[in-house]
Amino acid sequence: MTGPKPPLEPFHAVEINRLAHARARSGLDVIHMEVGEPSAGAPAPALAAAARSLRGGRLGYWYSDALKERIASHYAGWYGVSVAPERIVLTPGASGALLLAFTVLFRAGERVALGRPGYPAYRNVLKALGMEPVEIPCGPLTRYQPTAAMLEALTPAPAGLVVASPANPTGTMLSRDDLGALAAACRRLSIPLISDEIYHGITYGERAASVLEVERDAIVINSFSKYWCMTGWRLGWLVSPPGLAEEMMSYAGNIFLTPSTLAQHAALAAMDAHEELAAHLDTYAANRRLVMDSLASIGITRVAPADGAFYVYADIGHLTDDSLGFCKRLLADTGVAFNTGLDFDPVEGHRTLRISFAVSAAETAEAMARFGRWLSSR
Ligand SMILES: Cc1ncc(COP(=O)(O)O)c(C=O)c1O
């Protein structure tokens with residue numbers, strides 16, 4: 001077959017974001033809770049380090065060994081896990097790490113399992129690479145996460161599994177035991193387990209367990225975008241199993257050369273900005289409570305247990321079966337931007353929405369008040 005590949009589904013969050021910006025340009029106010037990004041910027045030491053390296057002049061292609069070592073020590077500090085710096089591959093965001101992992105691990109035509117709802121790029125990047133995403137429908141009974149039994153029930157067996165904990169859009173987590181069971185199932189099937197840990201550090205009870213605590217040969221995806229508030233800096237990393245590290249590095253070098261040099265300087269400093277980052281967590285925790293309470297008070301009670309990340313994923317099937325239209329009307333009428341669940345679940349997402357609460361406490365309170373008034377006036 002020749003010609004371009006079939007088109008990918010659009011990212012609806014981008015469309016709602018575009019409408020929200022158009023509204024702001026026309027002089028109307030907007031509360032942005034449609035995109036998954038912290039409204040706070042990079043921590044102050046990161047900005048200072050970036051300014052120093054800009055003044056230093058030449059920002060050539062560069063790979064920071066110091067940052068790889070610092071990330072390796074982060075695994076010892078946060079999880080008590082020993083990771084050799086050689087296993088860390090720096091990438092342009094978690095997006096780059098996902099592209100790298102899928103490219104190295106799977107061949108065109110292979111089937112790769114993932115939970116639905118889930119982050120849309122898993123499905124779409126797999127498709128872009130000619131692989132076949134196999135979605136495992138997950139609901140409240142399993143906290144919207146796939147289980148070992150669900151994985152092992154797939155026929156034919158997939159060539160790999162992708163999980164995320166805390167997940168996007170639900171915020172739900174896999175415990176250390178859940179990860180252990182999934183890792184054991186992947187071992188039985190002789191397939192790689194890819195664990196997206198981009199929301200680690202942002203949790204509201206239990207800390208998030210890393211897959212590396214239970215499986216040395218799993219692949220970890222992570223990034224400076226979320227906990228470290230550095231979305232636009234485009235820097236992330238992948239932890240490779242020891243036997244694949246060289247191959248990962250040579251693919252990464254060919255696909256990306258190096259990640260952003262400026263971002264690597266900044267990220268090294270960001271990794272020690274604990275106090276500043278902890279303050280954001282207090283805001284997220286208060287916002288999460290406010291969103292959950294406000295939803296409950298307006299009768300939206302089928303809500304995923306948001307263990308971590310900065311999202312609330314809610315079933316609004318009693319209000320609409322067109323969540324995209326619902327979000328667009330809400331934006332047009334009130335200036336509050338939420339995202340449709342369709343991005344995360346092409347099958348059931350017409351009845352769900354995702355609220356991203358990584359904004360200020362005042363914005364969260366105002367958005368939920370407007371949402372409540374809008375619903376009662378419909
Ligand atoms: C679960 C998940 N993985 C990966 C990414 C990509 O993040 P980035 O490329 O900014 O590091 C995102 C972004 O929202 C995400 O939610």
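Both counts, for ligands and for their atoms, begin at 1 and track the order of listing. Predicted, not measured: the structure shown is a model, and the values here were computed from it.
Taking a cutoff of 4.0 Å between a charged side-chain nitrogen and a carboxylate oxygen, Lys127 and Glu132 do not qualify as a salt bridge. Between Arg370 and Asp333 no salt bridge is recorded (no basic side-chain N to carboxylate O distance below 4.0 Å).
Which parts of ligand 1 touch Tyr199 is read off a 4.0 Å heavy-atom cut-off, strictly below it: atoms 1 (C), 14 (O), 15 (C), 16 (O). Residue Tyr122 has at least one heavy-atom neighbour below 4.0 Å for each of these atoms of ligand 1: 1 (C). If you number the atoms of ligand 1 from 1 as listed, the ones under 4.0 Å from a heavy atom of Gly93 come out as 9 (O), 11 (O).
The six-membered or imidazole ring of Phe338 lies away from that of Phe326, with a centre-to-centre distance of 6.0 Å or more.
The environment of Arg378 atom CZ is dense: over 12 non-hydrogen atoms of other residues, nucleotides or ligands sit within 6.0 angstrom. The 12-atom threshold is exceeded at CZ of Arg207, counting heavy atoms of other residues, nucleotides or ligands nearer than 6.0 Å. The neighbour count for Glu152 CD, taken as heavy atoms of other residues, nucleotides or ligands under 6.0 Å away, is above 12.
Shortest contact from atom 9 (O) of ligand 1 to any protein heavy atom: Ser95 OG, 2.5 Å. For atom 1 (C) of ligand 1, the closest heavy atom belonging to the protein is Asp196 OD2, 3.3 Å. Protein heavy atom nearest atom 7 (O) of ligand 1, with residue, atom name and distance: Ile198 CD1, 3.3 Å.
Residue Lys226 holds the heavy atom nearest to atom 14 (O) of ligand 1 of all those in Met230, Arg234, Lys226. In this comparison of Ser356, Gly236, Ser225, the heavy atom closest to atom 10 (O) of ligand 1 sits on Ser225.
The shortest N or O to N or O distance between Ala94 and ligand 1 is under 3.5 Å.
Cation-pi geometry between Arg288 and Phe357 is not satisfied (NZ or CZ under 6.0 Å from the ring centre, within 45° of the ring normal).
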